[in-house]
Amino acid sequence: MGQKCAPTGLWIDFEKNFNVKIKMAKNEIKLRKRLIDETTLERHRNYSLLLKQHEKARKLKKTRQFFIYSLLVAVVVILFLLLISYFLVRLERERELKKKGTKTALVTTADKSQKK
Amino acid sequence: MSEEEIRQEYGVVDRSKKDPSAFGPLYEKYFDRIFNFIYTQTDNEDLTADLCSQTFLIALVNVHKFEFRGVPVSAWFYKIASNEVNKYYRKVKSQKTYSLEEVRLRELFSREEEDYSEEILIKLVNLMKELPSDMLEVLQLRFFEDKDFKEIAFILDITESGAKMRTYRALDRLRKEFQR
């Protein structure tokens, strides 16, 4: 921290005089001679870094979107396959039941004719 | 800031929607102000640098969502910065630290009264410490950042009359405490 940002004499006196109040206050307020100097601002100003971060964030967002989209497609496909297999199994069962049904019907008619 | 200047800045924003590198002039113009604004609420240089960088990154990432609202683009940066600072304090659950420029405070005082004692200045700072954060925030924007009520309303996501009311309530509270 530069010299210009150091607490002022007023602040030091204030801390000394109102020490108890400081701890009880809702907010901490410090008085500075000057907030931030030009050199400090220049050190932190970096537009190319911001653009790089933006590019990274954009790629990350796209990857995330692609992942979520793929996941959604996969879930939909799996659900679709499950639905199809369910109907196929049901159809197969019905067919088997029909077959059994005809066999039993044949057997009963045969029994009846024998009794006669 | 005139309507024409605001429109010009929105032109830059529109260009940034297609080409992010066009955002540069806005970054260069407002970096110092946003950095100082965040610094006044954190009193920590490294933290300020992080939050400031995060502020501009959020602005750039969401630039396509930005619409003309009749306030300068800077108000949007202030809004993001304010949200980031509040988010940080919510995360660390610590007391908010305001770092005010003594020269600015003295300037404000001398506007009202030529002769003021150091005792009064100290008393004011002491009373300000007891104000709720939302009131301090509004006072900071109004008197230290020179924002009008329309901008304050936009930054704090409240109505213009709400911003006025909050400012006057804060001033009224300070006045009453002063007279005690």
Side-chain angles (χ1 to χ4, degrees), chain A residues 1-70, chain B residues 16 20-21 23-28 31-33 35-41 43-46 48-50 52-61 63 89 94-106 118-119 121-133 135-137 144:
Chain A
M1 190 80 55
Q3 184 63 36
K4 283 173 180 172
C5 295
T8 63
L10 182 70
W11 165 246
I12 293 162
D13 288 346
F14 177 60
E15 255 187 334
K16 221 187 281 171
N17 296 335
F18 299 91
N19 203 24
V20 185
K21 266 257 171 183
I22 286 164
K23 280 168 192 157
M24 287 162 69
K26 285 181 181 161
N27 303 288
E28 180 86 30
I29 296 180
K30 290 177 181 177
L31 284 178
R32 301 276 183 197
K33 273 218 169 76
R34 203 180 154 193
L35 287 180
I36 290 280
D37 53 34
E38 268 305 309
T39 347
T40 315
L41 286 169
E42 216 46 57
R43 204 171 58 240
H44 293 294
R45 195 200 317 263
N46 194 343
Y47 185 59
S48 55
L49 181 72
L50 180 78
L51 282 180
K52 272 183 200 163
Q53 283 176 331
H54 173 248
E55 191 57 32
K56 206 175 153 186
R58 202 178 60 85
K59 277 181 186 166
L60 196 78
K61 198 180 167 186
K62 277 202 167 176
T63 317
R64 204 188 295 141
Q65 271 177 345
F66 176 74
F67 178 73
I68 291 170
Y69 182 73
S70 311
Chain B
S16 309
S21 58
F23 192 76
L26 289 176
Y27 177 84
E28 296 298 335
F31 180 83
D32 296 5
R33 270 188 252 176
F35 196 95
N36 273 321
F37 174 66
I38 298 173
Y39 186 74
T40 51
Q41 294 183 57
D43 196 45
N44 180 326
E45 197 186 306
D46 292 330
T48 304
D50 283 347
C52 190
S53 151
Q54 187 64 18
T55 299
F56 283 104
L57 183 63
I58 291 172
L60 197 52
V61 169
V63 79
Y89 278 108
S94 74
Q95 190 189 37
K96 209 168 184 177
T97 307
Y98 283 87
S99 178
L100 303 178
E101 208 173 357
E102 194 186 321
V103 186
R104 185 82 181 113
L105 197 65
R106 287 185 188 280
E118 290 294 303
E119 207 178 299
L121 197 68
I122 290 171
K123 194 176 174 187
L124 175 76
V125 176
N126 195 27
L127 292 175
M128 277 169 79
K129 287 173 105 189
E130 296 300 327
L131 283 181
S133 274
M135 283 186 176
L136 261 182
E137 213 171 9
F144 289 87

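All of these numbers come straight from a predicted model, not from anything done at the bench. We name chains A, B, ... by the order of the sequence lines, and we start the count at 1 in each one.
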So how far is it from [X] [atom1] to [Y] [atom2], rounded to the nearest 0.5 Å?
{"X": "B:Cys52", "Y": "A:Leu50", "atom1": "SG", "atom2": "CG", "result": "9.5 Å"}
{"X": "B:Lys129", "Y": "A:Glu28", "atom1": "NZ", "atom2": "CD", "result": "5.0 Å"}
{"X": "A:Ile36", "Y": "B:Glu101", "atom1": "CD1", "atom2": "CD", "result": "10.5 Å"}

Task: Contact class of A:Glu38 relative to chain B, heavy atoms under 4.5 angstrom - done: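 The answer is the side chain of A:Glu38.
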Any side-chain heavy-atom pair from [X] and [Y] closer than 4.5 angstrom?
{"X": "A:Gln53", "Y": "B:Leu60", "result": "no"}
{"X": "A:Arg58", "Y": "B:Val61", "result": "no"}
{"X": "A:His54", "Y": "B:Phe56", "result": "no"}
{"X": "B:Thr40", "Y": "A:Arg32", "result": "no"}

Task: Any residue of residues 59-67 of chain A which, by heavy atoms, sits under 4.5 Å from chain B - done: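 Residues of residues 59-67 of chain A touching chain B at under 4.5 Å: A:Lys61.
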TODO: Heavy atoms only: give me the nearest B:Phe35-A:His44 pair and the separation to one decimal.
DONE: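 Looking at all heavy atoms of both residues, the shortest contact is CZ-CD2, 3.5 Å.
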Task: A:Leu41 versus B:Phe31, closest heavy-atom pair with distance - done: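 In this case the closest contact between A:Leu41 and B:Phe31 is O-CE2, 3.5 Å.
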TODO: Please name all residues satisfying side-chain hydrogen bond (donor to acceptor under 3.5 Å, both in side chains) with B:Glu28, sequence neighbours left out, ordered by chain then number.
DONE: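 Applying side-chain hydrogen bond (donor to acceptor under 3.5 Å, both in side chains) to B:Glu28 gives none.
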Task: Proximal component of B:Leu57, with respect to chain A [non-hydrogen, under 4.5 Å] - done: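 Contact with chain A is through both the backbone and side chain of B:Leu57.
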- [ ] With a 4.5 Å cut-off on heavy-atom pairs, point out which of B:Leu105, B:Asp46, B:Asp32 contacts chain A the most.
- [x]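 Max contact count across the listed options: B:Asp32.
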Task: Heavy-atom pair count under 4.5 Å with chain B, highest-scoring of A:Glu42, A:Glu55, A:Arg43 - done: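 Top count of heavy-atom pairs under 4.5 Å with chain B: A:Arg43.
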Task: Side chain A:Tyr47, main chain B:Ser21, donor-acceptor under 3.5 Å - done: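 Checking the backbone N and O of B:Ser21 against the side chain of A:Tyr47, a donor-acceptor pair under 3.5 Å is found.
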